There are 2 protein chains.
Amino acid sequence: MGQKGAETRDRLLDATQELVETAGYFGTGLNQVIAVSGAPRGSLYFHFPGGKDQLVGESVRRAGRAIGDALGEPADTDASPAEFVDGVLRHLGDRLAESDWRKGCPVATVALETAAVNDPLQEVCSEVYSSWEAALRARLASRPDADDLAVTVLALVEGALLLARAHRSRDPLERVARQIHTLLG
Amino acid sequence: MGQKGAETRDRLLDATQELVETAGYFGTGLNQVIAVSGAPRGSLYFHFPGGKDQLVGESVRRAGRAIGDALGEPADTDASPAEFVDGVLRHLGDRLAESDWRKGCPVATVALETAAVNDPLQEVCSEVYSSWEAALRARLASRPDADDLAVTVLALVEGALLLARAHRSRDPLERVARQIHTLLG
DNA sequence: AAAACTGAATAGATCGGTCTACATATTTTT
DNA sequence: AAAAATATGTAGACCGATCTATTCAGTTTT
């Protein structure tokens, strides 16, 4: 793949992620993807012969990898798990507010839309969440119940993001942040 | 509105709730609603002149009210908040597994899809969540941080439902149930 | 008889996807 | 090095299907 081609491919994934994060899988049309990315229709099917599913699948995977990497970064030596999650919540709140409540979790909407009706995408979402759970588990390895705790922390963050988006407010993120210490203290 | 009309209206709402819970707002077509409900096309726009938004809005509100009522039921005298949430999680797990991972939260998918792109529906979802938060707050009234705790419990349950649907497994619900005691113990 | 409701036809937009012609690189042959 | 051949990528017209919404004469219910 030449350089130009790689750039077009990336622009398509960028546009897809942006749009899907805002309105979900069914709420995003390929015409929009083409318009936002500036890439022509032919290029879309050249780079993603699998069509919409492949495009969204790769886009979700890419976004998932980026976040998974961030979760897996070597912990600050003197930051407790609670402080770490606290920072994550603050960061997510910033991103959410700055994007006018468009950018929450890049996986959640697709996960809910496709869980029961699109096996390939369900699998992608499941794998992404599993990778995040693993990263959190590693961070909580000192705890005896690290497995349960990792899933619980992820559920808490995802739920807080959902409520924040639904209310168009950082409030749920802040409330959850205050309670995270009870869980991880 | 005659009796027949009321039945048709209800059947339309039933079908809408079922379909929207499975595939979301954008993933549900009015043709499907008509097919599943058995109601004629003309009746849809007779009973819901506001079109799809009104139909989905009322459907989400109705589902929200049902759950809100359940959350607000007078507590068993000798059931702790933790035991109550535990029961909710078990009930949700049953519903989810029995429906083949179709029936999770009847609000979440719509909330995420519409948060940034459909003001009327965003408002409906926000109000439903607020009512649930109020019901939970009432149940936790003995706690000094009942406000934060209610939102946190709701986030936890919503997050667990999201992960359970994404993984097509009750596992996240069970893990969260085990940790809920740390939070509410 | 009046009000409530239905059923079918239809409109115009948009959906995801296919196809072919063309342009631009890159490699191979001479 | 020039020319020919091949691979890579772009551009957009076009397809049938489906989308939400409207209309309105006819039927059923009250």
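A note on names: the letters A, B, ... follow the listed sequences, proteins ahead of strands, and every chain is numbered from 1. These figures come from a predicted structure and were not determined experimentally.
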Pairwise 5' ranking along DNA chain C for Pro49(A) and Pro40(B), keeping only the more 5' one: Pro40(B)
Side chain proximity check, His167(B) to Ser130(A), heavy atoms < 4.5 angstrom: yes
Integer-rounded Å distance: dT14(C) P and Lys52(A) NZ: 15 Å
Separation of atom CZ in Phe46(B) from atom P in dA3(C), rounded to whole Å: 12 Å
Separation of dT20(D) C1' from Phe26(B) CZ (nearest whole Å): 13 Å
Sugar-phosphate only, base, or nothing, as touched by Gly51(B) at under 4.0 Å among non-hydrogen atoms: sugar-phosphate
Closest nucleotide among dA21(D), dT18(C), dT8(D) to the Tyr45(A) side chain: dT18(C)
Proximity to the side chain of Arg41(A) - top-ranked nucleotide from dG12(D), dA11(D), dT20(D): dG12(D)
Per Asn31(B) side chain, nearest of listed nucleotides dG16(C), dT20(D), dC5(C): dT20(D)
Atom-to-atom span, CG of Leu30(B) to P of dT20(D) - whole angstrom: 4 Å
Whole-Å gap separating C1' (dG12(D)) and CG (Leu44(A)): 13 Å
Per Thr8(A) side chain, nearest of listed nucleotides dT18(C), dT20(D), dT10(D): dT10(D)
Below 4.0 Å: OP1/OP2 of dT10(D) and any side-chain N or O of His47(A): yes
Basic-acidic side-chain contact under 4.0 Å: Arg168(A), Asp119(B): yes
salt_bridge(Glu133(B), Arg175(A)) N-O dist < 4.0 Å: no
Over 12 non-hydrogen atoms of neighbours within 6.0 angstrom of NE2 in His91(B): no
Gap between atoms CZ and C1', on Phe48(B) and dT22(D) respectively (whole Å): 18 Å
Separation of dT20(D) P from Ile34(B) CD1 (nearest whole Å): 9 Å
Side-chain heavy atoms of Leu162(A) within contact of Leu162(B), under 4.5 Å: no
Shortest side-chain distance from Ser43(B), nucleotide among dT6(C), dG16(C), dC15(C): dT6(C)
